[in-house]
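Letters A, B, ... are given to chains in the order of the sequence lines, protein chains preceding strands, and every chain is numbered from 1.
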Amino acid sequence: MSEIKINLPDGSSMEVPQSFTVADLANKISEGLGRVAVAAKINENIVDLNTILKNDDNVKILTSKDAETLDILRHSTAHVMAQAVQRIYPNAKIAIGPTIENGFYYDFDIPDTSLSVDELSKIEEQMNIIIKENQTFERHEITNVQEKITEFREKGEIYKIELLMEYASQNPTLYLGKNKDGNIVWNDFCRGPHIPNTKFIKAFKLLSVAGAYWRGDEKNKMLQRIYATAFWTKDELNEYLTRIEEAEKRDHRKLGTQLDLFSIREEVGAGLVLWHPNLSVVRQMIEDYWRYEHRKRDYEIVYTPHIAKSQLWDISGHNEHFRENMFYMQVEEQDYVLKPMNCPFHILIYQAKRYSYRSLPLRMAELGTVYRNERSGALHGMTRVKGFTQDDAHIFCTQDQFVDEVNKIIDFIDDTLTMFDMTYEVELSTRPEGFAGTLEIWDKAEAGLKKALEDKKLSYVINEGDGAFYGPKIDFKLKDAIGRTWQGATIQLDFNLPIRFNLKYTEKDGSMQTPVMIHRVIFGTMERFIGILIEHYAGAFPAWLAPQQAVVIPIADRHTEFAQSIYKKLRDADLRVELDDRSESMNYKIREAQNRKIPYMLVIGDKEIEANYVAVRARLKGDIGVKNIDEFINSLKKEIETKGKEIVN
RNA sequence: GCCCAUGUAGCGCAGGGGUAGCGCAUUCCCUUGGUAAGGGAAAGGUCACGAGUUCAAAUCUCGUCAUGGGCUCCA
């Protein structure tokens with residue numbers, strides 16, 4: 001019998017018989033490896049253990065130690081979940097069950113049944129039964145597609161039919177679930193690979209149920225999706241679950257109530273935020289910083305109205321393209337619109353004067369409050385709301401200037417986000433179908449944006465054809481505590497609005513030219529940015545942003561007088577400070593200040609009065625000893641000025 | 001907008017066909033305490049809103065609004 005040669009990762013090779021499988025190879029290498037082998041990488045493709053080896057294959061046996069196998073485990077667990085669901089609901093039709101970032105899901109169509117969380121434990125129970133059956137996963141090539149389609153049709157598996165028809169020409173495979181006696185107990189049309197046997201599934205949990213449209217299209221039927229996760233060990237699963245719990249504690253909606261930051265009331269309306277005094281302080285500080293940075297970078301700051309006659313939005317095209325998101329009102333037979341964007345107003349300010357190439361670029365910025373009627377299910381805390389304030393700016397420049405301007409904006413965004421220690425992902429969206437402007441300017445713009453990103457050494461993803469019809473854009477995505485990403489900063493070129501409003505400037509040669517317009521935001525919106533900032537700092541704002549920077553805590557009533565003088569000194573130094581002279585124990589006051597995440601607590605007792613000191617407790621480090629009050633004020637002032645972390649020590 | 005769940009005092013929660021309870025917070029009294037909760041008392045709710053079933057609804061049913069998890073959308 002002839003043998004074939006297999007190359008192993010360590011550079012050695014091995015002679016094995018023909019029709020040897022990966023599993024055979026693993027066993028041949030060592031019995032131990034055979035036991036723990038999960039899958040293999042053959043010539044960079046990940047395959048099942050029962051794949052037959054070919055001559056000169058480069059083979060790496062994968063075990064649970066290899067990162068690539070976690071998805072295999074999760075996807076295989078999805079199969080077990082689907083099987084369990086079909087055992088409990090025999091009329092359930094299965095759709096797709098891919099892995100996602102931290103787990104997997106499977107979509108079902110279960111006629112006359114709506115799953116609720118209560119069902120999850122039942123399904124988990126059934127899954128455990130299946131796992132105990134030690135079912136094997138066996139790959140099986142579908143040679144007769146038509147026959148299989150007929151079979152699916154008999155079972156009513158309409159979603160699988162649709163998928164199979166699509167993949168008919170791509171060597172479709174079926175995975176068979178076989179029990180100990182070798183009988184086929186379940187099967188699923190699937191690309192694989194899978195773990196060899198259900199016994200590898202040791203730690204999984206079903207997390208939630210949700211609706212999801214078939215193929216993600218809202219015109220299609222809504223299916224029932226179960227989200228779940230799996231890990232190789234119970235410890236890893238538990239660690240993941242605790243991490244989720246910890247993340248939930250940072251949720252800005254939770255902290256918003258706990259720290260008295262904001263509220264949203266039914267009487268006002270969904271998606272309309274009431275900023276409480278505490279969060280208003282944070283916003284004021286950030287807005288001051290924003291204004292300072294804009295002046296420094298030669299922006300003009302403007303104010304514009306919240307409403308405008310409908311006519312303006314005809315010119316801008318919003319009435320046509322954005323209608324379902326706009327609030328309309330009628331007063332004295334005149335139609336008005338609550339502004340969903342600031343750009344038309346900035347354009348009108350541009351129009352109030354004549355510009356030449358000499359006075360461009362013109363950079364116009366506004367903290368502009370806009371209102372958009374979002375679909376009800378889209379709202380989310382402060383990160384997706386109906387009324388919000390954009391830190392908006394529009395830059396009017398010549399075609400020779402916009403690349404340079406984009407560079408400056410990228411710097412501005414990067415500087416700002418770095419200052420807040422925030423990480424982000426960058427996406428570049430390019431020319432879609434039905435674009436405005438010329439091919440030439442699009443090419444120039446896209447190349448310019450790419451160059452700017454590359455010069456800055458920012459890694460980015462390209463969303464081909466995902467740009468707005470009026471121009472390409474760069475989006476900066478921020479992550480929230482639970483791992484959801486939100487669009488923050490964005491830079492959008494616009495070749496359309498300047499034409500609609502017939503904007504002009506005089507070129508060197510005296511000709512009238514149309515300027516390029518750039519829309520950009522740095523924070524995105526104050527609501528979303530500060531919402532994410534709450535989670536980023538877990539509510540413990542650095543001193544320059546903290547609603548209260550220090551609290552003075554007299555131990556007993558006889559210390560109140562001295563505490564008052566300390567309090568007054570801090571106030572005179574323009575610090576945000578409170579005096580807690582309630583008749584409560586010092587421990588009680590410290591606990592409360594700590595829970596309110598106030599950066600510094602100044603404890604005053606007999607010793608401090610005697611020595612004319614304050615005892616400083618930092619929210620992070622605890623008691624850091626006594627200090628002269630002026631010394632404390634100076635170092636806190638410095639900390640605020642440098643926007644630093646806790647540096648008083 | 002769609003699917004599922006939820007809505008009880010300022011906050012966090014329990015209860016559940018016979019007109020409501022706990023903890024914290026609040027107010028008052030006592031206590032004056034050295035680095036994360038001192039003790040006591042009082043006050044506080046038409047159980048989201050509207051309709052229906054019932055002798056009786058906070059509890060069951062339907063609708064509306066809102067919130068949560070997702071999907072879709074996001075110029």
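Between A:Ser114 and the phosphate of B:C4, there is a side-chain N or O to OP1/OP2 separation shorter than 4.0 Å. For the OP1/OP2 pair of B:G69 and a distance below 4.0 Å, the side-chain nitrogens and oxygens of A:Arg484 include at least one atom meeting the criterion. Remark: A:Tyr227 is in phosphate contact with B:C71, judged by side-chain N or O atoms under 4.0 Å from OP1 or OP2. Residue A:Tyr588 places no side-chain N or O under 4.0 Å from the OP1 or OP2 atom of B:U32. For B:G69, the OP1/OP2 oxygens have a side-chain nitrogen or oxygen of A:His380 closer than 4.0 Å. Residue A:Arg265 places none of its side-chain N or O atoms closer than 4.0 Å to OP1 or OP2 of B:A66. Contact between the side-chain N/O atoms of A:Arg225 and the OP1/OP2 oxygens of B:U72 is not found at any separation under 4.0 Å. For B:G33, one of the phosphate oxygens OP1 or OP2 lies less than 4.0 angstrom from a side-chain nitrogen or oxygen of A:Arg558.
For the C1' atoms, the distance linking B:A14 with B:C24 amounts to 15 Å, nearest Å. Taking atom C1' on both nucleotides, B:A9 is separated from B:G63 by 27 Å, rounded to a whole Å.
Here the shortest heavy-atom pairing between A:Leu338 and A:Tyr371 reads CG-CD1, 3.6 Å. In terms of heavy-atom proximity, A:Ala230 sits nearest to A:Thr77 at CB-OG1, 3.8 Å.
Nearest-nucleotide positions on RNA chain B for A:Val117 and A:Ala468 put A:Val117 closer to the 5' end. Each of A:Ser585 and A:Arg384 lies near RNA chain B, and the nucleotide nearest A:Ser585 is the one positioned closer to the 5' end.
Base-pair partner of B:A58: not found among the strands shown (Watson-Crick or G-U wobble, both distances under 3.5 Å).
Residue side chain A:Asp557 reaches the base of B:U32 through a donor-acceptor N/O pair under 3.5 Å, judged by distance alone.
At a cut-off of 3.5 Å, with distance as the only test, no side-chain donor of A:Gln351 or A:Asn502 sits close to an acceptor on the other residue.
Aromatic ring orientation, A:His394 versus A:His519: perpendicular (interplanar angle above 60°, classes split at 30° and 60°).
Considering A:Lys160, A:Arg225, A:Lys221 in turn, A:Lys221 is the only one that fulfils the salt bridge (charged side-chain N to carboxylate O under 4.0 Å, His left out) rule with A:Asp109.
Residue contacts for A:Gly381: at a heavy-atom cut-off of 4.0 Å it reaches the sugar-phosphate backbone alone, with no base atom in range.
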